[in-house]
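Right, one structure below, let's go through it.
Chain letters run A, B, ... following the sequence lines, proteins first and then strands; every chain starts at 1.
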Amino acid sequence: MKIATWNVNSLKVRLPHLLEWLAAHQIDVVCLQETKLVDENFPVEALAAAGYDSAFAGQKTYNGVALLTRRAATLGAAEVVTALPGLDDPQKRLIAANIGGLRIVCAYFPNGQSVGSDKYDYKMRWIEALIAWLRDELARHPQVVLAGDFNIAPEERDVHDPKAWEGQVLFSERERQAFRDLLALGLVDSFRLFDQPERSYTWWDYRMMAFRRKMGLRIDHVLLSAALAPRCTACTIDIEPRRREQPSDHAPVIVTLDP
DNA sequence: ATGGCATGACAATCATGA
């Protein structure tokens with residue numbers, strides 16, 4: 001079973017990329033972030049034609065998340081949740097469902113803008129609510145996948161220039177501590193279960209030719225609950241879509257689980 | 001110190017991202 005997460009930075013713009021990518025891989029579940037679409041405009045039919053069922057929670061202009069499930073895999077999607085309990089939040093940043101015996105959570109963490117800003121406070125409060133909710137989810141479902149754009153680079157090796165990024169949003173101590181708090185729930189960073197190439201990142205600024213210069217951050221993650229981690233046989237970042245014309249600034253992350 | 005580049009809403013710039 002393959003599960004992927006991808007911040008597409010506008011599903012409207014990136015739909016052709018996504019369809020080609022789905023055709024080239026055998027991904028069973030895809031977590032999307034930054035769809036930037038209201039639900040009426042979600043490309044249900046194009047994805048159905050590609051063999052995928054969609055569940056989504058969108059809004060105008062910003063945010064928006066979705067879960068795609070490959071119909072041939074007949075995994076289903078039940079108990080769909082599209083908001084964090086205990087957080088009064090109009091922003092569409094979370095969708096979760098029971099798929100193929102797993103509790104799959106697709107999350108688009110707030111960016112935080114800059115350390116100390118209102119948006120940074122919101123980011124920290126959002127993560128706090130996520131942790132509280134996940135604690136309950138893990139108690140009810142031992143097999144949990146938390147996949148998405150975390151907007152946090154957890155360690156120095158996840159940042160192209162840790163000195164320059166020290167204390168900055170995406171790499172500040174409070175954010176990195178929040179990431180460790182998530183792991184402390186009993187989650188494992190699937191990417192670090194395996195040897196990985198140096199300078200492995202999932203996001204590169206559009207500006208300054210950052211991708212070509214390998215100036216990126218690893219901020220998109222797939223965390224697995226302890227009960228699930230032993231089934232994981234691979235975690236890779238697919239940078240091919242980032243090479244294309246008019247790419248998303250994020251690359252997809254793919255996790256493989258043994259049956 | 002700032003913008004770079006991209007996207008969407010909107011109709012010239014502005015909010016937001018990371």
Side-chain angles (χ1 to χ4, degrees), chain A residues 5-18 21 31-43 56-66 89-94 106-127 130 147-179 191 199-221 237 239 241-253:
Chain A
T5 180
W6 194 3
N7 179 325
V8 289
N9 185 18
S10 170
L11 184 52
K12 182 183 169 190
V13 174
R14 228 66 62 195
L15 184 61
H17 288 46
L18 175 63
W21 188 76
C31 303
L32 299 177
Q33 302 87 37
E34 284 209 85
T35 55
K36 298 186 175 179
L37 291 169
V38 293
D39 290 348
E40 304 87 84
N41 294 339
F42 197 91
F56 42 85
Q59 66 183 89
K60 193 176 170 184
T61 312
Y62 302 118
N63 310 311
V65 286
D89 186 7
Q91 301 190 29
K92 301 298 186 185
R93 297 182 171 278
L94 184 123
C106 168
Y108 175 46
F109 288 45
N111 166 279
Q113 197 169 57
S114 60
V115 175
S117 66
D118 288 350
K119 292 194 173 90
Y120 186 83
D121 293 339
Y122 163 65
K123 180 177 193 172
M124 302 314 297
R125 280 188 289 111
W126 191 92
I127 297 172
L130 175 69
D149 176 359
F150 287 52
N151 272 318
I152 300 173
E155 298 179 36
E156 291 200 349
R157 58 182 166 168
D158 301 314
V159 179
H160 69 91
D161 186 350
K163 286 279 181 291
W165 279 88
E166 193 177 327
Q168 300 297 310
V169 73
L170 311 184
F171 192 54
S172 72
E173 187 44 51
R174 276 186 72 197
E175 292 165 89
R176 294 167 67 189
Q177 181 58 52
F179 188 89
F191 191 72
R199 297 204 239 173
S200 286
Y201 308 125
T202 64
W203 172 84
W204 304 261
D205 201 306
Y206 282 122
R207 299 163 291 189
M208 304 182 298
M209 296 185 290
F211 179 69
R212 214 192 301 182
R213 297 160 68 189
K214 300 186 192 300
M215 296 169 62
L217 305 176
R218 192 176 70 94
I219 55 177
D220 300 83
H221 308 291
I237 300 165
I239 63 169
R242 188 63 175 80
R243 297 187 200 282
R244 299 188 47 153
E245 287 293 311
Q246 206 178 7
S248 167
D249 43 357
H250 294 253
V253 181

Looking at every strand, decide which applies to Asn7(A) at a 4.0 Å heavy-atom threshold: base, sugar-phosphate, or nothing. sugar-phosphate

Interatomic distance, Gln113(A) CD vs dA15(B) C1' [rounded to whole Å]: 9 Å

For Arg243(A), give me all partners under side-chain contact (heavy atoms from CB on, under 4.5 Å), at least two apart in sequence or on another chain. Phe211(A), Ile239(A), Glu240(A)

Report yes if a side-chain nitrogen or oxygen of Ser10(A) is closer than 4.0 Å to either non-bridging phosphate oxygen (OP1 or OP2) of dG8(B); otherwise report no. yes

What is the distance, to the nearest angstrom, from the CG atom on Leu11(A) to the P atom on dT7(B)? 13 Å

Within residues 162-172 of chain A, those residues having any heavy atom closer than 4.0 Å to DNA chain B are Leu170(A)

Which part of the nucleic acid does Asn111(A) contact within heavy-atom distance under 4.0 Å: base, sugar-phosphate only, or nothing? base

Whole-Å distance separating the CG atom of Asp118(A) from the P atom of dT16(B): 11 Å

Start with the C-alpha distance between Tyr201(A) and Ile237(A), add both sets of side-chain angles, then the distance that settles side-chain contact (heavy atoms from CB on, under 4.5 Å), and finish with yes or no. CA-CA 8 Å; Tyr201(A) 308 125; Ile237(A) 300 165; over 6 Å; no

List for me each residue that meets side-chain contact (heavy atoms from CB on, under 4.5 Å) alongside Ser10(A), sequence neighbours excluded, and say none if there are none. Lys12(A), Val13(A), Lys36(A)

Taking side chain to side chain donor-acceptor pair (under 3.5 Å) as the definition, give me every residue that meets it alongside Glu173(A), ordered by chain and number, with sequence neighbours left out. Arg180(A)

Please check if the side chain of Glu175(A) supplies one atom and the backbone of Leu170(A) the other of a donor-acceptor pair under 3.5 Å. yes

Between the protein and nucleotides 2-6 of chain B, list every N/O to N/O distance that falls short of 3.5 Å.
unit_1 : atom_1 : unit_2    : atom_2 : d
dG4(B) : N7     : Arg207(A) : NH1    : 2.3

Just how far, in rounded Å, is P of dG8(B) from OH of Tyr62(A)? 11 Å

Residues in side-chain contact (heavy atoms from CB on, under 4.5 Å) with Ala153(A), at least two apart? Asp158(A), Val159(A), Phe171(A), Ile219(A)

Interatomic distance where NZ belongs to Lys60(A) and C1' belongs to dT16(B) [whole Å]: 15 Å

List in chain and number order the residues that pass side chain to side chain donor-acceptor pair (under 3.5 Å) with Trp126(A), two or more places apart in sequence or in another chain; answer none if no residue qualifies. none

Does dT7(B) have its OP1 or OP2 closer than 4.0 Å to a side-chain nitrogen or oxygen of Lys12(A)? no

Among residues at least two apart in sequence or on other chains, which ones pass side-chain contact (heavy atoms from CB on, under 4.5 Å) with Gln168(A)? Trp165(A)

Quick one: list whatever passes salt bridge (Lys or Arg N to Asp or Glu O under 4.0 Å) with Arg207(A), sequence neighbours left out. Asp205(A)

Could you tell me whether Asp149(A) contacts a base, only the sugar-phosphate backbone, or nothing, with contacts defined as non-hydrogen atoms closer than 4.0 Å? sugar-phosphate

Quickly work out the Gln33(A) CD to dG17(B) C1' distance and round it to whole Å. 14 Å

Rounding to the closest angstrom, what is the interatomic distance between dT16(B) and dA1(B) at atom P? 23 Å

Which whole-number value in Å describes the distance from Gln91(A) CD to dG17(B) C1'? 12 Å

Earlier contact from the 5' end, DNA chain B, for Thr35(A) and Trp203(A): Thr35(A)

